[in-house]
Amino acid sequence: MLELRIIQHALTLARVGNFGRAAESLGISQPSLTRSIASLEASLGVKLFDRNRRGIKPTVFGAVFLAEGKVVFLAD
């Protein structure tokens, strides 16, 4: 079962579009956020974000995950 914290990490990363700024927004280190997202992708068995020099962009799988993640937080 996924922790809400990790879902929040993915949602923040998608919203901000950059690991460094997302980590700052979450109040964690950039390496911690990177590990969190890598762990999430490994547990799901899919890549959620495409990474490049300009930042990140959700993959098709990532877009579906993020849409479902938003529903989880709206239900709270």
Side-chain angles (χ1 to χ4, degrees):
M1 185 161 159
L2 294 176
E3 295 178 30
L4 290 177
R5 171 184 58 84
I6 295 175
I7 297 170
Q8 185 64 45
H9 289 179
L11 290 170
T12 301
L13 178 58
R15 180 177 49 82
V16 174
N18 174 281
F19 275 90
R21 287 191 301 265
E24 184 177 329
S25 173
L26 290 163
I28 63 175
S29 69
Q30 186 271 325
S32 292
L33 178 60
T34 299
R35 283 190 301 273
S36 178
I37 298 299
S39 173
L40 174 60
E41 290 176 326
S43 70
L44 296 174
V46 295
K47 187 175 172 184
L48 297 176
F49 297 99
D50 284 324
R51 298 144 171 93
N52 63 42
R53 291 181 196 163
R54 294 183 182 161
I56 62 97
K57 179 180 175 185
T59 63
V60 172
F61 295 110
V64 171
F65 178 84
L66 294 166
E68 294 299 317
K70 287 178 186 174
V71 171
V72 169
F73 280 93
L74 290 175
D76 263 353

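Residues take their numbers from the sequence shown, with the count starting at 1.
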Backbone N or O of Arg35 within a donor-acceptor pair of the Ser39 side chain at under 3.5 Å?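 Not confirmed, Ser39 side chain does not pair with Arg35 backbone.
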
Calculate, to the nearest 0.5 Å, the distance between atoms CZ and CZ belonging to Arg15 and Arg21 respectively.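 The CZ atom of Arg15 sits 11.0 Å away from the CZ atom of Arg21.
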
Point-to-point distance, once rounded to the nearest 0.5 Å, from CZ of Phe19 to OG1 of Thr34: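 Reported to 0.5 Å precision, the distance equals 5.0 Å.
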
Just jot down the side-chain hydrogen bond (donor to acceptor under 3.5 Å, both in side chains) partners of [X], sequence neighbours excluded, or say none.
X     : value
Ser25 : none
Arg51 : Glu41
Asn18 : none

Please report the closest heavy-atom contact between [X] and [Y], naming both atoms and the distance.
X     : Y     : value
Gly62 : Pro58 : C-CB, 4.1 Å
Ser36 : Ile6  : OG-CG1, 3.8 Å
Val16 : Ala22 : CG1-N, 3.7 Å
Ala14 : Phe49 : CB-CE2, 3.9 Å
Leu66 : Leu11 : O-CD2, 3.6 Å
Leu48 : Phe65 : CD2-CB, 4.0 Å

Do Ile37 and Val46 sit in one hydrophobic cluster, given that two such residues count as connected whenever their side-chain heavy atoms are within less than 4.5 Å of each other, even indirectly?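 Ile37 and Val46: one cluster.
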
For side-chain contact (heavy atoms from CB on, under 4.5 Å), just list the numbers for Ile28 and His9, CA-CA rounded to whole Å, side-chain angles, deciding distance to a tenth of an Å, and then say yes or no. CA-CA 10 Å; Ile28 63 175; His9 289 179; 3.8 Å; yes

Counting heavy atoms not belonging to Glu24, are there more than 12 under 6.0 Å from its CD?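 No - once you tally the heavy atoms of other residues, nucleotides and ligands closer than 6.0 Å, there are 12 at most.
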
Derivation of the side-chain contact (heavy atoms from CB on, under 4.5 Å) call for Phe61 and Leu44: CA-CA 10 Å; Phe61 295 110; Leu44 296 174; over 6 Å; no

